[in-house]
Amino acid sequence: MQVLKWVLRNNHKWVILSFLAAVASNLSQIIYMFFVGELVNRIEERSAIERSFYLLMAGFLITNAVTQYLCQLSGRYTAERLAHTLRMGFLRAKVYQKGRESKNGDAASAMSVVQNELSSANDYLSNTFFDMIGMSISGILVFVCLMIINAKLTMVILLPTLLILGYVLWTGGKLSKVVAQTLEEKNRMNRVVYSAIDHYPVIRVYDAKEFVQENYDKALERWGRAEIKKDRLYAICNSFSGVLSFLPLLLLLVAGVYMVVTGEIMIGTLIFFLSLQKSVTMFIMNMPMWIANFKNFIVNLSRIDVA
């Protein structure tokens with residue numbers, strides 16, 4: 001966690017800018033969709049629609065497009081800066097602090113960190129970290145907005161999502177164990193390779209090539225089995241989770257149509273809920289996976305020395 005704080009602190013201005021851009025992007029989208037729903041409601045009521053209403057709606061449409069572009073631009077740029085800071089911090093620790101006692105002090109271990117922990121942490125920072133934060137901001141803002149507009153219809157979305165969350169938590173625990181096992185098997189395989197490279201003269205003298213090859217083949221086979229197991233479990237769990245993800249939408253549609261027929265809400269309100277419900281459901285359903293991936297990310301960071 002200290003390494004993550006160090007990386008964020010060294011890029012705090014860009015992190016704050018990306019956060020504000022994400023908030024602005026989500027707020028503009030919510031407001032624009034509210035105007036769309038209000039337009040449908042006014043058409044349904046056959047009430048007059050002022051020119052100022054159209055101008056405001058057009059203005060928020062343009063604002064939504066601009067803020068989404070700025071959100072993506074600032075988020076991707078900040079993510080790359082964080083990854084670059086982590087890479088340079090690790091490099092400085094190895095180049096300028098050779099005398100410092102560290103668990104990554106030897107060359108073989110350092111190469112293993114570069115190919116495994118550092119590579120995984122860089123990929124997470126570049127491709128996942130800000131997407132996770134952006135979806136979290138979106139889910140929270142949308143949930144608060146939906147609760148304000150119609151709490152009953154929001155609960156129709158929330159309750160089946162929480163049931164699905166129980167399934168996701170159960171599968172997430174199994175997946176995190178398999179991922180950790182796969183990473184450990186890969187580290188063992190890399191240690192065999194780097195040990196063979198470091199002790200190559202000794203291996204030649206004692207003609208131990210067959211012994212090293214046998215150990216490498218066994219480590220490679222164990223890693224391969226772990227990868228296959230992980231991919232199969234991912235395919236089964238994610239496929240079933242994808243089917244379940246449509247349950248909140250289906251229940252929302254049924255309950256919303258009933259409330260429209262009974263006059264409790266108008267069509268525009270239902271359209272507003274249908275447009276934004278995915279932000280809430282995906283945020284809740286993906287949270288366990290995000291937590292598991294974040295824990296793996298923190299474990300990888302704990303093995304990286306920075307300076």
Side-chain angles (χ1 to χ4, degrees), residues 18-34 36-37 64-65 67-72 74-76 78-79 123-176 179 233-256 269-297:
S18 299
F19 176 80
L20 294 177
V23 172
S25 175
N26 284 285
L27 285 176
S28 63
Q29 182 183 15
I30 292 172
I31 295 173
Y32 171 70
M33 292 309 305
F34 177 80
V36 171
N64 184 32
T67 53
Q68 283 196 16
Y69 172 76
L70 292 177
C71 178
Q72 289 293 321
S74 61
R76 295 302 175 188
T78 303
D123 289 342
Y124 186 87
L125 285 173
S126 300
N127 304 315
T128 307
F129 187 64
F130 275 93
D131 289 340
M132 180 188 71
I133 294 177
M135 291 185 69
S136 300
I137 294 172
S138 176
I140 294 171
L141 290 177
V142 169
F143 177 75
V144 172
C145 182
L146 295 183
M147 284 293 291
I148 294 173
I149 293 177
N150 193 302
K152 185 186 296 185
L153 211 53
T154 305
M155 295 305 295
V156 173
I157 301 173
L158 185 62
L159 291 178
T161 305
L162 291 177
L163 294 176
I164 299 171
L165 179 61
Y167 165 78
V168 175
L169 285 171
W170 178 71
T171 57
K174 291 185 174 294
L175 287 173
S176 62
V179 170
L233 192 58
Y234 263 112
I236 294 172
C237 295
N238 290 342
S239 298
F240 190 58
S241 178
V243 174
L244 290 178
S245 65
F246 287 97
L247 182 60
L249 177 60
L250 178 61
L251 293 178
L252 173 64
L253 184 61
V254 172
T269 304
L270 177 59
I271 291 175
F272 179 76
F273 270 77
L274 290 173
S275 301
L276 297 178
Q277 64 85 27
K278 191 173 183 180
S279 297
V280 177
T281 56
M282 295 306 293
F283 165 64
I284 296 175
M285 290 171 58
N286 287 328
M287 192 183 302
M289 187 64 69
W290 291 342
I291 293 174
N293 290 337
F294 185 74
K295 286 181 178 178
N296 291 331
F297 169 63

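We're numbering straight along the sequence, starting at 1. Excluded from the calculations below are hydrogen atoms, water molecules and symmetry mates; all remaining heavy atoms, backbone and side chain alike, are included.
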Gap between atom [atom2] of [Y] and atom [atom1] of [X] - 0.5 Å precision:
| X | Y | atom1 | atom2 | answer |
| --- | --- | --- | --- | --- |
| C145 | L276 | SG | CG | 7.0 Å |
| F34 | Q29 | CZ | CD | 15.0 Å |
| L252 | L247 | CG | CG | 11.0 Å |
| D131 | S136 | CG | OG | 10.5 Å |
| I157 | L162 | CD1 | CG | 11.5 Å |
| I137 | L20 | CD1 | CG | 9.0 Å |

Worksheet item: Considering the options L141, T67, N64, I140, which one meets the side chain to side chain contact (heavy atoms under 4.5 Å, CB included) requirement together with N26?
Response: L141
Worksheet entry | Candidates T161, V144, L146 - the one meeting side chain to side chain contact (heavy atoms under 4.5 Å, CB included) with V280 | L146
Worksheet item: Counting distance only, does the side-chain N/O of S28 pair as donor-acceptor with the main-chain N or O of A24 below 3.5 Å?
Response: yes
Worksheet item: Are the side chain of S25 and the backbone of A21 linked by a donor-acceptor contact shorter than 3.5 Å?
Response: no
Can you name the nearest heavy-atom pair linking [X] to [Y], along with the distance?
| X | Y | value |
| --- | --- | --- |
| Q277 | L249 | NE2-CD1, 3.6 Å |
| P248 | P160 | CA-CG, 4.0 Å |
| S275 | I271 | OG-O, 2.8 Å |

Worksheet item: Where do F272 and M33 land on the side chain to side chain contact (heavy atoms under 4.5 Å, CB included) test, with the steps shown first?
Response: CA-CA 6 Å; F272 179 76; M33 292 309 305; 3.9 Å; yes
